[in-house]
Number of protein chains: 2
Amino acid sequence: MTLKDIAEIAGVSIKTASRAMNDYPDIKKETKELILSIAKEHHYVPNIAAKSLRQNRSYSIGLVVPDLTNVFFGEVGIAIHNYFKKHGYSTLISFSEGQKSTEIESLDSLLAKQVDGIILATVGSTGSRLKTILKQKNIPLVVIDNVVNNLRTNIVLHDNQYNSYLLTRHLYDQGCRNIGLISGPLSETSGRRRYEGFLKAMHEVGLEVNSNHIVYGDWTIKSGRRATEQLLEQTGSTLDGIIAGNSLMAFGMYSVLNEHNLHIPSDIAVASFDDLEIVEALDPPLTTLSKVDSIIGELAAKRLYTLIKKPDDQELLETLVKAELKVRRSTLRNS
Amino acid sequence: MTLKDIAEIAGVSIKTASRAMNDYPDIKKETKELILSIAKEHHYVPNIAAKSLRQNRSYSIGLVVPDLTNVFFGEVGIAIHNYFKKHGYSTLISFSEGQKSTEIESLDSLLAKQVDGIILATVGSTGSRLKTILKQKNIPLVVIDNVVNNLRTNIVLHDNQYNSYLLTRHLYDQGCRNIGLISGPLSETSGRRRYEGFLKAMHEVGLEVNSNHIVYGDWTIKSGRRATEQLLEQTGSTLDGIIAGNSLMAFGMYSVLNEHNLHIPSDIAVASFDDLEIVEALDPPLTTLSKVDSIIGELAAKRLYTLIKKPDDQELLETLVKAELKVRRSTLRNS
DNA sequence: TTGAAAGCGCTAACAG
DNA sequence: CTGTTAGCGCTTTCAA
């Protein structure tokens, strides 16, 4: 069932049929309605390959993520997919597996498929390489959840600094005065910004930041255990609050605090960032930030769509997404 | 940069260039090498839209899953994507969000994109509807991890019965003689087959199955808690082993056993199915089955690829994937 | 408001 | 072994 068939049945030219299908202005209302009803009746589906070929657009976008089994990227991916689906685009997902070389490969292969735009959750391709790839093809790009060195581009990410500030203030509001931080690596943007937000809040409430109060992990459960041990040792268990840089590290922290017979929240109040399903099941349930994954995905998709529709839009937007507190028992000391 | 450009530079006809690019036999070796080197030098990338249009194939396959944030579907998706990438195909992922209506929609939209084949992790579309959709277009289909009523098709799934048998035998081998089961819903194939494997093992070792020893949950943490409470009540805590139908329910079980001061594994040995990252962090670490997610994905991809390449292959294969035991401390009673 | 004809880049069929 | 011709389904001129 092609446009030609539809046109024949309707007794019009193929072009008129095309006009009807694509909402062109120059067509009589009745003709259009007739054609549309015939198309519907015969389950006409336009051939996207032909359309692409002619218009030099693919009606597909590319999404590069490190790993889909990570809930964050999963949620983001779904949001992006749904947004573009509404606009008749398909989403090609590609994986970088956390490696720069694979990331570049994925980008190349997406470009070969003539995607109309790309959303990239980078693991840190150097900006210059990215710039070469994209400028030469002039394909719109939106980066999520990481900044790319040496590349000014559109970007959507957590407002890590604000969010960290929010958590820290919350512990303070709950009466904590000796707050520790299990930070992620400062070499990573998200780790550094969370660190900065912590410092900012501490400053603002007039608490001194003792370097003993800050330890580092690499986002894993195991490193959370290790970091907590170190933190307790360095501070002689004088802490009354701890912020964990992410929820996996918080998970490690729970078991260590448990082993030390430190009660949450009465001895130590604890809070963390990501709202994983599992934090509800911890004892006590862990205070975290609300999930903004799908908001990030949708904002990135929206921005990319605009860029595709208006390629002359040269504005570079950095969109920071703020989360809200999800207060649970692990920080409730006042009630 | 098109084939025509390449042909001009090489001083051959456009068709000859095409022959070189597509590994056709009828071409002189030197000509081919010349053309390939020119193509490489100019970063020639074939226009897939044109190719599709001409050959009536899209070089893409569709994957329909309920939800990508589920680790199982994530792993399966990655495996499928990687397999088809090797063969020059892209994978279009679509979500059913666990709803039949969305599942049908997703299938329709994939068909509109003229995918060459579909892999479906169904939530239970009725077979007749699926049959209509696919037979009319004659598109190869492989179903994963669920059976579709009234539809004979290629399918790849966990050997749930065998796996359940394996876990039950393991508890027996560890000395358990009063084994309970927290089953998933028997209305779901995976729940029922796990149930059957449990019964089979119990029979084989000559243990009687008391109906008090079997309770039901709906795969969630919460239902695991409830089911465990019920189980302990019904049996008066005489159990020395429990199989949980999945790891989330096992997670709920842990907290209840803990509250009842029942020690794992000395009082009760426990084991479960899915090997989530989190089970390593439980105290004690939980014995589970090995992860076969990516094996399932790869087998499904391989089968679909065969069907695409040999559309006359009418054989319907049901591939059952067996797991192995991953013994951890939660069942170690002998050593 | 509509139609005719050309052509996007590629490959199948057929000739040479 | 290589080239010519036609056409996949659609949209874009341009003319009516």
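The chains referred to below are lettered A, B, ... by the order of the sequence lines, with proteins before strands, and numbering in each begins at 1.
- Partners of B/Arg303 according to the salt bridge (Lys or Arg N to Asp or Glu O under 4.0 Å) rule, which considers only residues two or more places apart in sequence or in another chain, are B/Asp313.
- In the 5' to 3' direction, nucleotides of DNA chain D lying under 4.0 Å from heavy atoms of chain B begin and end at D/dC1 to D/dG9.
- The side-chain hydrogen bond (donor to acceptor under 3.5 Å, both in side chains) search around B/Ser37 returns none, not counting sequence neighbours.
- Each end of the helix from C/dT1-D/dA16 to C/dG16-D/dC1 gets its own rotation axis from five pairs of C1' atoms, and the angle between them is 30° to the nearest 10 degrees.
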Restricting to nitrogen or oxygen on both sides, can you table the protein-nucleotides 13-16 of chain C pairs closer than 3.5 Å?
none

Quick one: side chains of residues 48-61 of chain A, donor-acceptor pairs under 3.5 Å with protein atoms, not counting sequence neighbours, listed by atom name and distance.
residue	atom	partner	partner atom	Å
A/Ser52	OG	A/Ile48	O	2.8
A/Ser52	OG	A/Arg57	O	3.1
A/Gln55	NE2	A/Tyr59	OH	2.4
A/Arg57	NH2	A/Tyr59	OH	3.4
A/Ser58	OG	A/Ser60	N	3.2
A/Ser58	OG	A/Ser60	O	3.4
A/Ser58	OG	A/Ser60	OG	2.9
A/Ser58	OG	A/Gln114	O	2.7
A/Ser58	OG	A/Asp116	OD1	3.4

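- Residues satisfying the salt bridge (Lys or Arg N to Asp or Glu O under 4.0 Å) test with A/Lys322, not counting sequence neighbours, are A/Asp159.
- Shown for residues 27-34 of chain B: residues whose heavy atoms fall under 4.0 angstrom of DNA chain D, namely B/Ile27, B/Lys28, B/Thr31.
- Classified by interplanar angle (parallel below 30°, tilted 30° to 60°, perpendicular above 60°), the ring pair A/Tyr89/A/Tyr305 is perpendicular.
- Taking the side-chain contact (heavy atoms from CB on, under 4.5 Å) definition, one finds that A/Ile38 meets it with A/Ile6, A/Ile9, A/Ala10, A/Leu34, A/His42, sequence neighbours left out.
- Applying the salt bridge (Lys or Arg N to Asp or Glu O under 4.0 Å) test to B/Asp67 and every residue at least two apart in sequence or in another chain returns nothing.
- Per the geometry, CD1 belonging to A/Ile14 stands 13 Å off P belonging to C/dA5, to the nearest Å.
- Residue A/Asn22 is in sugar-phosphate contact alone, with no base atom involved, counting any heavy-atom pair closer than 4.0 Å across all strands shown.
- Annotation: side-chain contact (heavy atoms from CB on, under 4.5 Å) contacts of A/Lys32 (sequence neighbours excluded): A/Ala20, A/Asp23, A/Ile27, A/Leu36.
- Counting to the nearest Å, the P atom of C/dC10 and the CG atom of B/Asp5 are 9 Å from each other.
- Counting to the nearest Å, the P atom of C/dC10 and the CZ atom of A/Arg54 are 15 Å from each other.
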Which pairs would a plain distance check flag for residues 73-84 of chain A, meaning a side-chain donor or acceptor within less than 3.5 Å of a matching protein atom at least two apart in sequence or in another chain?
residue	atom	partner	partner atom	Å
A/His81	NE2	B/Ile93	O	2.9
A/Asn82	ND2	A/Ile78	O	3.4

